[in-house]
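Below, all heavy atoms of this structure are taken into account, side chains as well, without hydrogens, waters or symmetry copies. Atoms within a ligand are numbered from 1 in the order they appear, just like the ligands themselves. Keep in mind it's a predicted model, so treat the numbers as computed, not measured.
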Amino acid sequence: MNDTVETVHVALPGRAYDIRIGPGLIARAGAEIGPLLARPRVAVLTDETVAALHLEPFRAGLAASGIEAPALALPPGEATKGWAQFSRAVEWLIEQKVERRDMVVALGGGVIGDLAGFAAAVLRRGVRFVQVPTTLLAQVDSSVGGKTGINSPLGKNLIGAFHQPSLVLADTGVLETLEKRDFLAGYGEVMKYGLLGDAAFFEWLEQNGPALAKGDLAARIQAVRRSCEMKARIVERDETEQGDRALLNLGHTFCHALEAATGYSGRLLHGEGVAIGCALAFELSARMGLCSQEDPSRVRAHLAQMGMKKDLADIPGALPDADALIGLMAQDKKVQDGRLRFILARGIGQAFVTSGVDAGLLRAMLAEALAAR
Ligand code: GLY
């Protein structure tokens with residue numbers, strides 16, 4: 001089993017780490033994490049849903065190497081990612097007498113990874129942490145690259161720090177426990193990597209995406225590996241998002257507006273918004289004459305092939321009009337000097353960052369997409 005584990009190295013000077021990808025990593029957590037520890041003890045932050053499924057196997061994996069693992073399970077859901085549960089987590093880590101050389105573990109999806117990473121960043125001015133992502137979205141995006149943080153009542157991810165993990169253990173076996181909708185939402189972020197920088201990977205997804213969704217383990221490992229590799233290379237170039245890292249936000253300006261418009265509810269999951277946002281970014285690029293009209297059609301065809309939401313018509317319930325959506329985009333934290341920044345594309349795999357978006361074309365495209373509902 002061990003030989004199916006792949007490693008992606010993130011070569012950041014002074015804070016390099018490995019992303020280990022494959023089945024059975026939770027069961028062998030002790031062997032993976034043990035060599036990094038100053039003493040045989042970690043403090044685990046997780047949520048109640050993940051704890052019920054994976055905490056005991058994870059603890060058994062650590063115990064096999066003699067590692068103790070007290071754990072705190074927070075309530076599941078985005079509401080946890082705020083000051084209240086954050087301060088509860090930090091106080092608990094202090095009660096557990098986590099010392100400067102100790103290790104915190106984030107066992108869960110994006111909410112837990114972001115919150116636990118931020119707790120590790122501020123506890124005793126910074127302790128190390130390991131990410132053990134249990135959703136596809138967390139395995140290919142949020143657990144890698146060191147963005148940690150919580151939400152403010154005024155907006156998502158407004159409070160945080162860059163704090164790189166010491167190790168990421170992406171156990172692809174746990175993906176089997178995900179609801180199909182959550183798995184496919186995570187796939188939105190996988191597809192994003194092909195669209196932003198690797199046309200051959202997008203082509204591979206067109207061929208292998210359906211098998212991957214049905215549970216093909218080799219295809220899942222390959223997709224997580226390529227996604228992490230692409231993210232690692234971008235983060236190595238631009239850790240704190242002064243330039244290239246913004247490419248990872250392909251589809252996100254549209255997504256954040258749609259998430260705000262749907263009240264961050266079950267009407268639209270983040271990864272679903274990213275998928276629709278990618279389709280809209282390609283549509284806008286085509287209308288601006290940057291890429292061929294076939295490109296957005298190909299993006300939507302792939303989403304349809306995967307059984308995913310592909311445009312505004314697929315979002316249930318009412319949506320605000322085009323101007324209100326543009327207003328919500330303007331609140332996105334990617335706005336710079338009051339100008340909206342978009343990730344557009346010159347073709348599949350050729351994304352770039354720009355503030356030069358034709359506002360008339362944007363409004364017309366959104367109005368048309370809303371009228372088709
Ligand atoms: N999720 C986008 C980034 O890590 O930069």
Side-chain angles (χ1 to χ4, degrees), residues 8-12 15-17 19 21 78 81 106 108-118 120-121 129 131 133-151 155-165 168 170 182 185-198 223-260 264 268-278 281 329 332-336 341-345 351-353:
V8 174
H9 187 65
V10 186
L12 284 167
R15 49 209 182 286
Y17 57 96
I19 307 163
I21 302 156
E78 188 72 25
K81 216 176 117 173
V111 167
I112 288 299
D114 286 6
L115 181 146
F118 187 38
F129 79 115
Q131 289 272 19
T134 56
T135 62
L136 180 58
L137 190 133
Q139 292 191 354
V140 299
D141 184 28
S142 55
S143 70
V144 175
K147 278 189 183 175
T148 71
I150 55 172
N151 302 330
K156 279 181 75 168
N157 295 325
L158 292 181
I159 304 145
F162 286 100
H163 186 48
Q164 298 292 341
V168 180
D182 290 319
Y187 184 83
E189 296 276 6
V190 173
M191 181 190 73
K192 176 194 81 177
Y193 288 104
L195 294 177
L196 76 87
D198 186 348
V224 175
R225 185 191 60 75
R226 183 63 192 133
S227 302
C228 288
E229 214 168 59
M230 289 188 69
K231 181 153 186 183
R233 297 299 84 84
I234 290 174
V235 168
E236 285 164 0
R237 289 204 297 277
D238 179 22
E239 183 182 10
T240 57
E241 202 169 311
Q242 307 303 310
D244 267 11
R245 186 164 180 162
L247 294 174
L248 296 171
N249 297 325
L250 176 63
H252 282 65
T253 301
F254 291 108
C255 170
H256 290 153
L258 293 170
E259 280 183 296
Y264 301 97
L268 185 74
L269 303 180
H270 175 73
E272 295 173 334
V274 170
I276 294 173
C278 286
M329 284 176 202
D332 194 276
K333 66 180 182 309
K334 289 182 295 301
V335 171
Q336 214 171 51
R341 279 198 309 159
F342 276 84
I343 318 302
L344 297 179
F352 65 99
V353 187

| Should Gln164 and Val235 be marked as a side-chain contact (heavy atoms from CB on, under 4.5 Å) after you check the CA-CA gap, both sets of side-chain angles, and the distance that decides it? | CA-CA 10 Å; Gln164 298 292 341; Val235 168; 4.0 Å; yes
| Over all atoms of both residues, closest heavy-atom pair of Ala246 and Val353 | CB-CG2, 4.0 Å
| note | Of all heavy-atom pairs linking Gly243 and Asp238, the shortest is N-OD2, 2.7 Å
| Ring centroid separation for His163 and Phe129, is it under 6.0 angstrom? | yes
| query | Contact between Lys231 and ligand 1, counting heavy atoms under 4.0 Å? | reply | yes
| request: Please work out which of Val274, Asp141, Leu250, Leu248 has its closest non-hydrogen atom nearest to atom 1 (N) of ligand 1. | output: Asp141
| task | Around atom 5 (O) of ligand 1, find the nearest protein heavy atom and jot down its residue, atom name and distance. | result | Arg245 NE, 2.7 Å
